[in-house]
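Lettering of chains follows the sequences in order, A, B, ..., and the numbering in each one begins at 1.
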Number of protein chains: 2
Amino acid sequence: MTTSQSAAKQKVSAKRDDVLRAATATFLEVGYGRTSMDQIAAKAGVSKATVYSHFGSKEALFEAIIRELVHALVQPLAMAPTGETPETTLTAFARRYVALLLAPSSLALHRLLVAEATRNPDLAVASYRTGGERAVGELADYLTQECAKGTIAVADPKLAAEQLFGMLTGHWQVRALMRVEGAPPREALDRYIADAVGAFLRAHAPGATRRA
Amino acid sequence: MTTSQSAAKQKVSAKRDDVLRAATATFLEVGYGRTSMDQIAAKAGVSKATVYSHFGSKEALFEAIIRELVHALVQPLAMAPTGETPETTLTAFARRYVALLLAPSSLALHRLLVAEATRNPDLAVASYRTGGERAVGELADYLTQECAKGTIAVADPKLAAEQLFGMLTGHWQVRALMRVEGAPPREALDRYIADAVGAFLRAHAPGATRRA
DNA sequence: GTCTATAAAAGGATAGAC
DNA sequence: GTCTATCCTTTTATAGAC
């Protein structure tokens with residue numbers, strides 16, 4: 001690709017990007033049904049026909065945006081395996097996970113996916129595969145490694161990973177999704193996370209008594 | 001109230017009930033935005049004007065339905081304090097809780113609340129107060145009692161209750177809300193619940209070593 | 001590629017007869 | 001209380017000029 005072509009493409013994409021930005025913001029803010037193509041066009045500073053020329057329909061525009069958002073959002077969750085203790089590693093991972101999950105943009109995306117899951121199941125499923133499922137897999141892999149080292153005792157790593165995630169979010173996620181309260185103060189969150197990680201490690205300590 | 005008045009009221013309420021049933025089914029199935037008053041009227045077998053005569057607006061109809069649904073749904077969660085062991089009591093409670101949460105009607109209601117939380121925050125908050133918050137409170141009260149007896153060791157009952165709820169639902173709820181998969185088979189669910197309750201009891205055993 | 005103007009349809013809500 | 005008929009607004013999508 002020559003420089004002129006690249007420049008041309010950049011220029012061509014200028015209004016397209018404006019549309020994408022405007023549509024993303026509006027969809028996240030008020031949802032699919034309450035977002036009109038007129039609003040998007042006005043916010044982007046273009047005509048409605050331009051919107052339709054770049055994206056064939058409202059649904060196609062929506063799908064493109066969701067896939068991009070999910071992809072971008074799940075990136076920071078990669079698990080960096082260090083030589084630290086499980087408590088240190090899990091706490092660091094938990095903080096990233098919770099911060100990600102409770103971020104306003106994540107919550108808005110989550111609301112959108114849940115709201116449109118009935119109308120567009122494929123999109124919701126694909127989003128969960130590249131989002132939640134991947135996070136569980138990463139944590140499960142780490143638990144398997146530590147289990148082999150003998151630092152923790154986990155019978156079913158995937159199940160244990162889901163349980164830890166569940167404890168970490170607790171009802172914060174539900175409350176946030178339903179707008180019951182805003183983001184919790186950082187110190188409350190840290191205490192919450194420390195409690196969950198602590199409970200998890202006690203439950204899966206190598207020498208823990210089997211009660212089940 | 002005399003018999004004739006009661007009969008009259010019943011007769012009067014006949015079409016009103018038809019509207020309520022039709023509206024409830026449609027809202028739960030396709031959401032607020034995609035439900036039209038025409039659909040409701042047609043499904044109920046009445047004219048649109050009749051719908052408006054009983055409920056002043058689409059929004060008022062929606063609110064009445066949601067509040068009724070939440071109220072009815074949270075009823076079975078009352079905690080019956082027995083003389084059983086914590087494991088038995090918690091397992092029984094957990095089964096009721098999970099069955100309730102994963103029921104199709106609950107999931108549809110949850111989707112609706114999350115989807116409309118931005119447009120109607122008050123409704124979502126009120127629903128959480130009489131739903132999730134009450135469940136947490138019941139479990140926390142039970143944990144406090146058992147803690148006094150010395151059967152378990154819990155520093156913060158409300159926090160522990162939320163963590164157990166989180167473990168119980170894990171990612172099942174997310175998957176179900178996003179329609180990633182249907183209801184899990186009963187035996188898988190029972191195993192999932194047993195694991196969560198087991199982990200909880202190990203983490204909060206009276207003599208457990210403090211690691212945090 | 002981008003705009004203006006418009007088609008075509010659907011939705012919330014109400015007036016007035018019975 | 002209930003119905004028919006209608007108003008008015010909004011919305012998706014496109015035709016045609018530049």
Exercise. So, is A:Ser47 close to the C:dC3 phosphate, meaning a side-chain N or O under 4.0 Å from OP1 or OP2?
Worked result: yes
For this session: Applying side-chain contact (heavy atoms from CB on, under 4.5 Å), name anything that partners B:Asn120, two or more places apart in sequence or on another chain.
Result: B:Glu59, B:Glu63, B:Asp122, B:Leu123
For this session: Sequence neighbours left out, what pairs pass ring-ring contact (aromatic ring centres under 6.0 Å, His included) with at least one residue falling in residues 96-125 of chain B?
Result: B:Tyr97-B:Phe165
Problem set entry | Charged tip of A:Arg175 within 45° of B:Tyr128 ring normal and under 6.0 Å | no
Problem set entry | Residues that B:Arg34 engages under salt bridge (Lys or Arg N to Asp or Glu O under 4.0 Å), provided they are two or more places apart | none
Exercise. What is the distance from CZ of B:Arg34 to C1' of C:dA10, rounded to the nearest Å?
Worked result: 13 Å
Exercise. Considering residues at least two apart in sequence or located in another chain, which fulfil the side-chain contact (heavy atoms from CB on, under 4.5 Å) criterion with A:Ala176?
Worked result: A:Leu102, A:Leu107
Exercise. Between residues 21-30 of chain A and DNA chain D, which residues have a heavy-atom gap below 4.0 Å?
Worked result: none
Problem set entry | Partners meeting side-chain contact (heavy atoms from CB on, under 4.5 Å) with B:Lys48 (sequence neighbours left out) | B:Met37, B:Asp38, B:Ala41, B:Tyr52
For this session: Classify every nucleotide of nucleotides 12-18 of chain D by which part a protein heavy atom approaches to under 4.0 Å, writing B for the base, S for the sugar-phosphate alone and - for neither, in 5'-to-3' order.
Result: BBBB---
Problem set entry | Spacing of A:Leu61 atom CG relative to D:dT11 atom P, expressed in whole Å | 16 Å
Exercise. With sequence neighbours left out, what residues match A:Arg96 under salt bridge (Lys or Arg N to Asp or Glu O under 4.0 Å)?
Worked result: none
Exercise. Who passes salt bridge (Lys or Arg N to Asp or Glu O under 4.0 Å) against B:Asp141, sequence neighbours left out?
Worked result: none
